[in-house]
Amino acid sequence: MTVRTRFAPSPTGLLHVGGARTALFNWIYAKKHGGTFVLRIEDTDHSRNTEQAKQVILDGLHWLGLDWDEGPQKGGNHGPYYQSERGAIYEEYLSRLEKGGHLYEDNGAIRFRSPREKVFVDDEICGKIEFDLTNPGTHPDLTLRRPDGSWIFHFVSVVDDIEMKISHVIRGEDHLSNTPKHIELYRALGAEPPRFAHMPLILNRDGSKMSKRDEGAALGTYPEAGYVPEAVRNYLCLLGWSPKENREIISTEEVVALFELGNINRRNAAFDLDKCFWINGQYLLSMDLARYAELAVPFLEKAGITWPTWNALEKVLSIVKPKVKLLKDLPEWVGYFFNEEFSFDEAAVAKSLTGPLAVERLSALRDAYSALAIWDLASLESALKETAAKIGVKTGELVHPARVAASGRGIGPGLYEMLEILGKQRTLARFEKGIIKALGTSA
RNA sequence: GACCCUAUCGUCCAGUGGCCUAGGACACUCCCCUUUCACGGGAGUAACACGGGUUCGAAUCCCGUUAGGGUCGCCA
């Protein structure tokens with residue numbers, strides 16, 4: 001069988017992570033079976049159907065790396081791929097139902113007369129489920145078209161899936177209960193229903209339904225925060241599915257190889273941004289420096305940071321890279337390398353750069369460092385340790401004032417790496433300023 | 001309310017009748033890396049919703065209860 005999957009979002013103004021995950025699994029399934037992944041925009045609701053809202057979806061999928069084989073911007077033999085442009089096709093299918101005697105009018109709307117039978121949904125994820133549709137009271141007839149001529153989701157979705165030869169409908173479990181009615185439509189149209197796979201939904205940490213306002217709900221916030229697409233893909237795959245063997249970090253290629261619809265967990269999953277954050281850090285950590293720097297640039301530029309040479313930038317990024325988990329935090333981590341007017345974190349100053357002790361220690365270190373002939377990691381470290389021993393303090397008690405004086409903050413890359421890059425002149429000047437700062441606070 | 005789905009650490013997953021005194025990851029706590037840190041290493045806290053069965057044996061199968069989610073739209 002030729003596998004054709006689809007993602008069929010409606011343009012609501014954002015791409016929800018739940019939708020992104022649905023798209024991802026459809027994409028993976030198509031890839032795994034050498035099939036086709038179709039993107040179709042369900043924009044039958046004209047009131048909220050804006051160009052911008054459509055763009056959000058396309059942008060989100062592009063960013064996640066989920067390229068579609070057929071759809072907007074791409075074309076294909078089963079278009080158009082916007083439902084708003086498919087009216088003629090719907091008319092034709094509607095008249096087919098009409099001829100078959102399946103329709104009736106109700107207050108100007110057109111409804112589908114259910115055969116009133118028991119319908120089995122044989123779901124790839126949920127298994128075989130029986131629905132008893134014999135009672136019209138509990139399972140009312142589907143409306144297909146409104147009095148104003150606009151189309152209802154259930155009908156156009158089925159028509160499009162037939163027309164676009166979709167073989168596997170992989171979608172959220174919120175559609176499960178309507179699926180038997182869709183199957184009735186397929187039958188009335190003389191079409192073979194596709195395979196269905198209903199995925200559990202994504203919930204908030206507390207188990208409540210995830211709404212668009214919740215943190216992490218909109219995919220658009222991920223690139224802004226400095227998540228990388230492969231990390232988000234990795235996280236999303238782990239939500240309801242697992243490669244077994246207790247693996248957490250797994251490439252999309254491997255997921256494609258290992259993926260099975262039947263292995264998708266049936267429970268709803270709570271969305272845990274903490275873990276996504278951690279995974280992002282893992283990807284950032286192992287990323288090669290060239291790409292890392294490339295990704296970093298927009299975040300640095302946005303913060304108004306400039307650098308003398310690309311080489312200098314890469315050098316700074318390389319020592320900071322293992323510790324930063326979100327690209328958007330980068331300016332905070334590297335700004336002071338490129339600007340003498342960097343700000344000071346007051347809490348860090350209060351802790352390590354205040355009072356006569358700080359003055360004494362920093363002065364001692366300044367003296368030792370100004371006497372250094374060679375400015376490298378090893379000499380920086382040994383000079384600091386010797387100084388610490390000489391004045392009888394622990395190394396940490398020199399490290400902290402030095403760090404705050406040199407960078408303005410209490411956390412950062414390794415101190416010696418930092419000072420090496422800063423260079424002797426700038427380091428000593430910053431120590432000098434730090435001493436004055438500490439003197440000022442000691443009064 | 002009716003119908004459908006689900007039920008393992010706080011969270012995500014592993015576990016498909018004996019290997020489970022339940023494993024991994026995130027988070028949290030502590031220790032180490034005699035330098036911080038959201039790097040790294042180690043340790044720890046912490047769960048089979050409840051009640052009945054079936055079975056020599058159940059987290060795993062069955063029934064019920066409870067809880068959560070979904071659907072029942074002229075929203076998608």
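All chains are named by letter (A, B, ...) in the order of the sequence lines, taking the proteins before the strands, and each is independently numbered beginning at 1. Note that the structure is predicted; figures quoted are calculated from it, not measured. As a basis for the values below, the full set of heavy atoms in this structure was taken, side chains included, without hydrogen atoms, waters or symmetry mates.
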Is [X] salt-bridged to [Y], cutoff N-O under 4.0 Å?
| X | Y | answer |
| --- | --- | --- |
| R116(A) | D141(A) | yes |
| R96(A) | E98(A) | no |
| R6(A) | D161(A) | yes |
| E417(A) | K315(A) | no |
| R4(A) | E70(A) | yes |
| D122(A) | K128(A) | no |

For this session: Pull out every residue in residues 245-261 of chain A that has a heavy atom closer than 4.0 Å to any atom of RNA chain B, ordered by number, or say none.
Result: N246(A), E248(A)
Exercise. Listed in order of residue number, which residues of residues 231-241 of chain A have a non-hydrogen atom at under 4.0 Å from RNA chain B?
Worked result: L238(A), L239(A), G240(A)
Please tabulate, for the side chains in residues 395-403 of chain A, all donor-acceptor contacts under 3.5 angstrom to protein atoms that are two or more places apart in sequence or on a different chain.
{"from": "E397(A)", "atom 1": "OE1", "to": "K394(A)", "atom 2": "N", "distance (Å)": "3.0"}
{"from": "R403(A)", "atom 1": "NH1", "to": "P413(A)", "atom 2": "O", "distance (Å)": "3.0"}
{"from": "R403(A)", "atom 1": "NH2", "to": "P413(A)", "atom 2": "O", "distance (Å)": "3.0"}

Seminar exercise, completed: Rounded to whole Å, CD1 of I279(A) lies from P of rG24(B) at a distance of 18 Å
Exercise. How does protein reach along nucleotides 39-45 of chain B, written 5' to 3' as B (base within reach of a heavy atom under 4.0 Å), S (only sugar-phosphate), or - (no contact)?
Worked result: SS-----
Exercise. With a non-hydrogen cut-off below 4.0 angstrom, is S242(A) in contact with a base, only sugar-phosphate, or nothing?
Worked result: sugar-phosphate
Exercise. What does D148(A) touch in the nucleic acid at a heavy-atom separation under 4.0 angstrom: a base, only the sugar-phosphate, or nothing?
Worked result: nothing
Exercise. Which residues satisfy the salt bridge (charged side-chain N to carboxylate O under 4.0 Å, His left out) test with E381(A), sequence neighbours excluded?
Worked result: K385(A)
For this session: Output yes when a side-chain donor or acceptor of Y235(A) lies under 3.5 Å from a complementary backbone atom of D272(A), and no otherwise.
Result: yes
Table please: side-chain donor-acceptor pairs of residues 261-271 of chain A below 3.5 Å, with sequence neighbours left out.
{"from": "N265(A)", "atom 1": "OD1", "to": "R267(A)", "atom 2": "N", "distance (Å)": "3.2"}
{"from": "R266(A)", "atom 1": "NH1", "to": "C126(A)", "atom 2": "O", "distance (Å)": "3.1"}
{"from": "R266(A)", "atom 1": "NH2", "to": "C126(A)", "atom 2": "O", "distance (Å)": "3.3"}

Separation of the [atom1] atoms in [N] and [M], to the nearest angstrom:
| N | M | atom1 | value |
| --- | --- | --- | --- |
| rG68(B) | rU11(B) | P | 15 Å |
| rC56(B) | rU65(B) | P | 28 Å |
| rG73(B) | rA25(B) | P | 47 Å |
| rA14(B) | rU8(B) | P | 11 Å |

Exercise. Is the distance between the ring centroids of H154(A) and H182(A) less than 6.0 Å?
Worked result: yes
